[in-house]
Each structure stands twice: as C-alpha cells, then as structure tokens.
Amino acid sequence: MKKQRVLPIESGLNFRELGGYPTRNGKTIKWQKLLRSGYLSVLKKEDRNFLLNYGLRYVVDLRSDYEITRNPDPQMINVKQISDSVYPFSNHSSTSLKQFSKNLFQKNKTEKPSALSDPYELMVLDNHAQSAFRQLFQILLKNDQPNESVLFHCAAGKDRTGIAGFLILSALGVDQDTIEEDYLLSNKVLFGTRTVKTETTNNAAIDRMNQARNVDLHSLRLAKMAIETKYGGMHKYLNTAMMLSDEDIAELQRLYTE
C-alpha cells in the first residue's frame, strides 16, 4: 500500500499516519501501526473498507461519553473499539492545577499563559486524563501483529489526539521538533474545513480549545513544560504517570519502530 502521511479518507476528518517518523536512535516508526484522526461517525462504507484493508484492528475513542453518545463510531468487523474518555477532568484537579499553572509561569517568566494553557496542562497532569492515556498505552502493547493498526481519535483529531500523539511519539524516541511538526500538521489538514462542534463544558478554556480551528504550538509546549516541572522529564512521566516500566517502553519501541 502507498505510504502517505495524510490518509485518503474522503468522509472523515484529519486522518493521518504516524509511520516514517525518525527516532533519535536511528530507527523509524513503522507504517500501518499508528493512526490518528478526528471523529469516525460520518465514515462512508468505502472509507471504512479502506481502513479495514489498511489493517485497522483497534479504535481508541478519546471523546467524552456525551460526545460518543451523540456521534458514535461505526461498528467495523474485526475491529475492537474502546471508549477511553480524557474528559471530564477529576473534580479536585482544577483548583490545584490552576495554582500549579500560576507557579509554573512565575518560574518561567518568558512564557506567556494562553487561553489554552489550563486544558493542556490538565491533559497531562489530571488523574482521570492520565488514566485514559494509560489505557491507550496498554492497547498499544497489545497490538503486536505486523501491519495491524491502532487508531486513536477525538472530535477534530487535534487537541486530545494531539496530546496522545505527543506522548506516544515521545515514548518511541521521536525528537521534539518532529513531534511539533506532526502536531502542527492538523492546521494544514483541517484548513478550510468547518469547525467541529464538541461537548460544551463548564470550563470556558476547554470550550474555546474544542471549538478553535487551529492548534497552538505554545499549548503543546506548556504540556511538555508541566511534565518536566512536576515529573522531572518525559521518561519519569512515562514510568510514574503512565505506569510504563523500562521493559514496557522497550517493547513499545520494538513493536512500533524498525
């Protein structure tokens, strides 16, 4: 099958391959193993068949229960579908993480807080969100057959999916510049499409993030900074928050790089 970064899915949103990205140790991400996208509810039969022929075996839905109920993913033969909601955040987290964010910017006065900073920090630090990403990593470890893919997605395939991609590519040893290029690709792929409506919450910052057309590189860097500040780096975050042992990380790299 032709190797292409943006998949030729006509009825879907922001369908992309993570194959082909280089890692710091000289390997590359395998093709037909890791896919990311927006919502699947509007997929036509021919696009579903393309994904099945491409090797799709797992679909991990990062949307909230409310979003899933309104626009459920289509059932596809021999595909295991997993609800793995990043939202809602843990109730106790908002106040403590807001203070963490304030402290973070006091330590890094060259950085300016943005409207998106709180949701992105929450996605990597909140207990509920972390449990969702932990489950995603466990599914990745189960996907151990060649040319079989895990697809992870949210509504537009840019924010929750963007953080998931950031964590996965980091675990596989991809450098930050490449991760940021992949993250920003959403802006090119989504350009000219309608804004995707997602769940309304009681958090204005999250609502603005969900409804925004473009992703903001500053937001991704805030998430990275939050991980470094609280955990001392990505490797410790993967060990502690994602509960991945060094053996698990090595296994992920064996399964997804060559």
Side-chain angles (χ1 to χ4, degrees), residues 1-21 28-86 132 135-136 139-140 142-165 168-169 172 181-199 210-215 255-256 258:
M1 238 179 224
K2 182 181 177 182
K3 295 177 180 178
Q4 47 197 322
R5 178 69 56 220
V6 180
L7 295 177
I9 302 293
E10 297 295 330
S11 59
L13 191 70
N14 206 3
F15 273 82
R16 284 146 56 191
E17 251 277 5
L18 293 181
Y21 284 132
T28 59
I29 306 294
K30 294 178 182 178
W31 294 89
Q32 291 182 251
K33 292 293 288 181
L34 285 168
L35 310 178
R36 53 173 292 176
S37 77
Y39 65 99
L40 313 183
S41 59
V42 295
L43 281 183
K44 294 180 179 178
K45 183 178 180 180
E46 54 267 32
D47 288 328
R48 295 198 299 269
N49 288 338
F50 173 87
L51 290 169
L52 292 172
N53 291 333
Y54 202 78
L56 182 63
R57 291 297 176 268
Y58 295 88
V59 171
V60 183
D61 193 339
L62 302 174
R63 297 176 300 162
S64 67
D65 292 342
Y66 175 74
E67 291 170 284
I68 292 170
T69 300
R70 289 185 65 191
N71 296 292
D73 286 346
Q75 297 295 313
M76 290 181 275
I77 188 168
N78 295 326
V79 174
K80 186 171 183 179
Q81 294 173 290
I82 300 100
S83 297
D84 191 23
S85 300
V86 174
Q135 180 173 208
L136 174 57
I139 293 160
L140 294 180
K142 292 178 182 178
N143 181 41
D144 58 0
Q145 298 303 306
N147 300 319
E148 293 190 356
S149 299
V150 173
L151 185 152
F152 56 97
H153 79 92
C154 55
K158 61 188 182 68
D159 295 303
R160 287 165 286 187
T161 299
I163 287 293
I168 292 167
L169 292 177
L172 296 179
E181 287 176 13
D182 180 74
Y183 173 75
L184 289 175
L185 187 56
S186 284
N187 290 341
K188 294 182 180 179
V189 176
L190 291 171
F191 182 77
T193 64
R194 63 183 177 83
T195 300
V196 176
K197 293 184 178 180
T198 59
E199 178 186 6
N210 286 345
Q211 302 300 334
R213 187 185 299 274
N214 291 340
V215 293
L255 290 173
Y256 292 94
E258 58 187 4

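A donor-acceptor pair is defined here as one N or O able to donate and one able to accept, closer than 3.5 Å; such a pair exists between the side chain of Q32 and the backbone of Y54. For Y256 (side chain) and I168 (main-chain N/O), no donor-acceptor pair under 3.5 Å exists by modelled atom type.
Atom CG of L190 is separated from atom CG of N14 by 4.0 Å, given to the nearest 0.5 angstrom. With rounding to the nearest 0.5 Å, the separation of CG in L56 from CG in N143 is 9.5 Å. Atom-to-atom distance recorded for E17:CD and K2:NZ is 13.0 Å, nearest 0.5 angstrom. Here the CD1-CG distance, from I163 to L136, works out to 12.5 Å after rounding to the nearest 0.5 Å. L18 contributes atom CG, which lies 6.5 Å from atom CZ of R36 (distance to the nearest 0.5 angstrom). With rounding to the nearest 0.5 angstrom, the OH atom of Y183 is 5.5 Å from the CG atom of D159.
Residues satisfying the side chain to side chain contact (heavy atoms under 4.5 Å, CB included) criterion with P8, sequence neighbours excluded, are Q4, F50. Here R16 pairs with D182 under the salt bridge (Lys or Arg N to Asp or Glu O under 4.0 Å) rule; sequence neighbours left out. For L52, the side chain to side chain contact (heavy atoms under 4.5 Å, CB included) criterion is met by N49, M76, I77, V79, not counting sequence neighbours. With sequence neighbours left out, the side chain to side chain contact (heavy atoms under 4.5 Å, CB included) criterion links S37 to F15, L40, L151, H153.
Side chains of L51 and I9 form a contact here, defined as non-hydrogen atoms less than 4.5 Å apart. Between K142 and Y58, some side-chain heavy-atom pair lies under the 4.5 Å cut-off. When side chains are defined from C-beta on, L140 counts as touching L34, because their heavy atoms get closer than 4.5 Å.
Here the shortest heavy-atom pairing between S186 and G157 reads OG-O, 3.5 Å. Contact between W31 and N147 at its shortest, heavy atoms only, is O-OD1, 4.4 Å. Minimum interatomic distance between L13 and A155 (heavy atoms only, all atoms of both residues): CD2-O, 3.7 Å. What you find for V215 and K158 is that their closest heavy atoms are CG1-CB, 3.4 Å. Nearest heavy-atom pair, L43 versus S11, reported as atom, atom and distance to 0.1 Å: CA-OG, 3.3 Å. Shown here for S85 and A132, the closest heavy-atom pair between the two residues is O-CB, 3.5 Å.
Each side chain to side chain donor-acceptor pair (under 3.5 Å) pair with one or both residues in residues 75-84, not counting sequence neighbours, appears once here: Q75-Q81, D84-Q135. Among pairs with a residue in residues 44-57, those fulfilling salt bridge (Lys or Arg N to Asp or Glu O under 4.0 Å) read R57-E148, at least two apart in sequence or across chains.
Look at E181 and R5 and you find no salt bridge, because none of the NZ, NE, NH1 or NH2 atoms lies under 4.0 Å from a carboxylate O.
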Evaluate the criterion salt bridge (charged side-chain N to carboxylate O under 4.0 Å, His left out) for residue pair E258 and K33; output intermediate values, then yes/no. CA-CA 12 Å; E258 58 187 4; K33 292 293 288 181; over 6 Å; no
